[in-house]
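Structure first, commentary second.
Residue numbers begin at 1 in each chain, while the letters A, B, ... track the order of the sequences.
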Protein chains: 2
Amino acid sequence: MKRKSLDREKCPIARTLDVIGDWWSLLIVRDAFLGKRRFGEFQKSLGLAKNILSRRLRKLVSHGVLEVGAASDGSAYQEYVLTEKGRRLLIVLVALRQWGETCLFEEGELDLLLVDQKSGQPVKPLELRSKDGRILGPDDLRTVGTSD
Amino acid sequence: MKRKSLDREKCPIARTLDVIGDWWSLLIVRDAFLGKRRFGEFQKSLGLAKNILSRRLRKLVSHGVLEVGAASDGSAYQEYVLTEKGRRLLIVLVALRQWGETCLFEEGELDLLLVDQKSGQPVKPLELRSKDGRILGPDDLRTVGTSD
DNA sequence: GCTTGATGGTTTAATAAAGCAACCACATTC
DNA sequence: GAATGTGGTTGCTTTATTAAACCATCAAGC
């Protein structure tokens, strides 16, 4: 399960996957978006072993995706909430979700929909666009070095 | 590494992660987008063990993300290319990439940029929008059941 | 203030997966 | 037809995940 260098990866995708690319982290983040905050909530929702959850939470905190704070309900327990960095993962989750919805589900099988609260309408599928607004596909892209 | 039910997951995110959520699959897909097609190319680029590359490729093929075909250079070897389903993962990769770029890299550390081929300009950051065009954040979303 | 039960973990032992190295069949090159 | 490169597989070791037991702290009842 070990990819080579933890930190010296130059590819942003690889580096991202080192932080949230394992089996559970993104599901933890998903649950965090759904309002879950406490250890037990995550554990119950995900059904993973407690020690693993413990490790994942620590890792996510150490990477600044989650932060621990005093419980909002006044109890002495702590809770895990998304940081700004973590909240920026929303678009990643939505991308995964939309891909799953369109590519992995049969007609009519889908029973939960992500909607805009205000209009009640499903959100718009994500699109990749150029600065000037054209929709881009795989063949319209290139990677270039910045150190030229 | 085992999450409970492989197939009966109802959450699109979880189901997606079952297909491409392991340590290597998305990097394989990334390389496929970059034009890599042959076993050896992936192996050299990623530096992963051959047996697990073999497993990952099989899995991706079995899920319809990649397909095997005769080599384009006329040799008797086979090659792995993205299917339509696989190509739709572009947006996921871009989302991961953009998150990594903004949240995991220091100023000036980034040395490769994803640009629109035509204009040479970096692509636009992904945005989550409602059907009528408003930009949405985490708090603007809700999930609703379709079976009501 | 002592017991009971839930919460939030850690430790330990078993198992499953990833990594490594050797090997092998087949194709191509010389 | 010997050598080399490609595309794997097999078996063994190492590492990660899991499940279960254990434990400290907190909250509630009495």
Side-chain angles (χ1 to χ4, degrees), chain A residues 1-9 14 17-29 31-32 35-63 66-81, chain B residues 1-7 9 14 17-29 31-32 35-63 66-82:
Chain A
M1 167 222 211
K2 226 6 176 330
R3 228 179 289 115
K4 293 303 162 61
S5 64
L6 300 183
D7 211 65
R8 284 288 153 217
E9 298 267 20
L17 291 175
D18 274 335
V19 176
I20 47 124
D22 64 88
W23 289 88
W24 294 108
S25 294
L26 273 175
L27 291 177
I28 293 172
V29 172
D31 277 1
K36 299 200 169 63
R37 309 172 149 239
R38 303 266 287 248
F39 188 94
E41 289 182 289
F42 292 113
Q43 208 249 320
K44 192 153 151 248
S45 157
L46 299 170
L48 83 174
K50 287 159 60 157
N51 52 354
I52 298 274
L53 174 58
S54 186
R55 273 223 291 272
R56 290 289 177 273
L57 288 172
R58 261 200 304 270
K59 183 177 173 188
L60 289 170
V61 168
S62 81
H63 280 103
L66 296 176
E67 62 188 355
V68 292
S72 48
D73 61 358
S75 85
Y77 296 118
Q78 59 186 4
E79 57 183 29
Y80 301 86
V81 296
Chain B
M1 167 222 208
K2 230 356 179 337
R3 228 178 290 114
K4 294 300 163 60
S5 64
L6 299 183
D7 211 66
E9 298 267 18
L17 290 175
D18 273 334
V19 176
I20 46 122
D22 64 89
W23 290 89
W24 294 109
S25 295
L26 273 175
L27 291 176
I28 293 172
V29 172
D31 277 1
K36 299 201 170 62
R37 307 170 151 241
R38 302 265 289 249
F39 189 94
E41 288 183 290
F42 292 114
Q43 208 248 319
K44 193 153 150 250
S45 156
L46 298 171
L48 84 173
K50 286 157 64 155
N51 53 353
I52 102 153
L53 175 56
S54 186
R55 273 220 289 273
R56 290 291 175 271
L57 288 172
R58 261 201 303 272
K59 184 176 173 188
L60 289 170
V61 168
S62 81
H63 280 103
L66 296 176
E67 63 189 353
V68 293
S72 47
D73 62 357
S75 84
Y77 297 118
Q78 58 186 5
E79 56 182 31
Y80 300 86
V81 294
L82 290 166

In whole angstrom, give the distance that lies between atom [atom1] of [X] and atom [atom2] of [N].
{"X": "B/Lys50", "N": "D/dG11", "atom1": "NZ", "atom2": "P", "answer": "17 Å"}
{"X": "A/Arg55", "N": "D/dT15", "atom1": "CZ", "atom2": "P", "answer": "13 Å"}
{"X": "B/Lys59", "N": "C/dA17", "atom1": "NZ", "atom2": "C1'", "answer": "12 Å"}
{"X": "B/Leu53", "N": "D/dG8", "atom1": "CG", "atom2": "P", "answer": "8 Å"}
{"X": "A/Trp23", "N": "D/dT15", "atom1": "CH2", "atom2": "P", "answer": "21 Å"}
{"X": "B/Ile52", "N": "D/dG8", "atom1": "CD1", "atom2": "C1'", "answer": "14 Å"}
{"X": "A/Glu79", "N": "C/dT7", "atom1": "CD", "atom2": "C1'", "answer": "14 Å"}
{"X": "B/Asp22", "N": "C/dG19", "atom1": "CG", "atom2": "C1'", "answer": "15 Å"}

Just call it for [X]: base, sugar-phosphate, or nothing, with non-hydrogen atoms closer than 4.0 Å on any strand.
{"X": "A/Tyr80", "answer": "sugar-phosphate"}
{"X": "B/Gln78", "answer": "sugar-phosphate"}
{"X": "B/Arg58", "answer": "sugar-phosphate"}

*asked:* Determine whether B/Leu66 and B/Leu82 satisfy the following criterion, side chain to side chain contact (heavy atoms under 4.5 Å, CB included), listing intermediate values before the conclusion.
replied: CA-CA 4 Å; B/Leu66 296 176; B/Leu82 290 166; 3.6 Å; yes
Sequence neighbours left out, cut at 3.5 Å: what donor-acceptor pairs do the side chains of residues 39-47 of chain B make with other protein atoms?
from	atom 1	to	atom 2	distance (Å)
B/Glu41	OE1	B/Arg37	N	2.9
B/Glu41	OE1	B/Arg38	N	2.9
B/Gln43	NE2	B/Leu48	O	3.1
B/Ser45	OG	B/Asp31	OD2	2.5

Let's see if you can work this out: which of [options] has an atom nearest to the side-chain heavy atoms of [X]?
{"X": "B/Ala49", "options": "C/dC20, C/dA17, C/dT7", "answer": "C/dC20"}
{"X": "A/Ser54", "options": "D/dT9, C/dT10, C/dG19", "answer": "C/dT10"}
{"X": "B/Phe39", "options": "D/dG8, C/dG9, C/dA6", "answer": "D/dG8"}
{"X": "A/Asn51", "options": "C/dG8, C/dT10, D/dT9", "answer": "C/dT10"}

*Does the pair A/Trp23 and B/Asp18 meet the rule for a side chain to side chain contact (heavy atoms under 4.5 Å, CB included), with working shown?*
CA-CA 8 Å; A/Trp23 289 88; B/Asp18 273 334; 4.0 Å; yes
*Heavy-atom check, side chain of A/Ile28 versus side chain of A/Leu53, under 4.5 Å*: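 Yes, close enough: below the 4.5 Å cut-off.
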*State, to 0.1 Å, how close A/Arg56 and A/Ser25 come at their nearest heavy-atom pair, and which atoms those are.*
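Smallest interatomic distance, heavy atoms only, reads CD-OG, 3.5 Å.
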*asked:* Between A/Arg38 and C/dT7, is there a contact of a side-chain N or O with OP1 or OP2 at under 4.0 Å?
replied: no
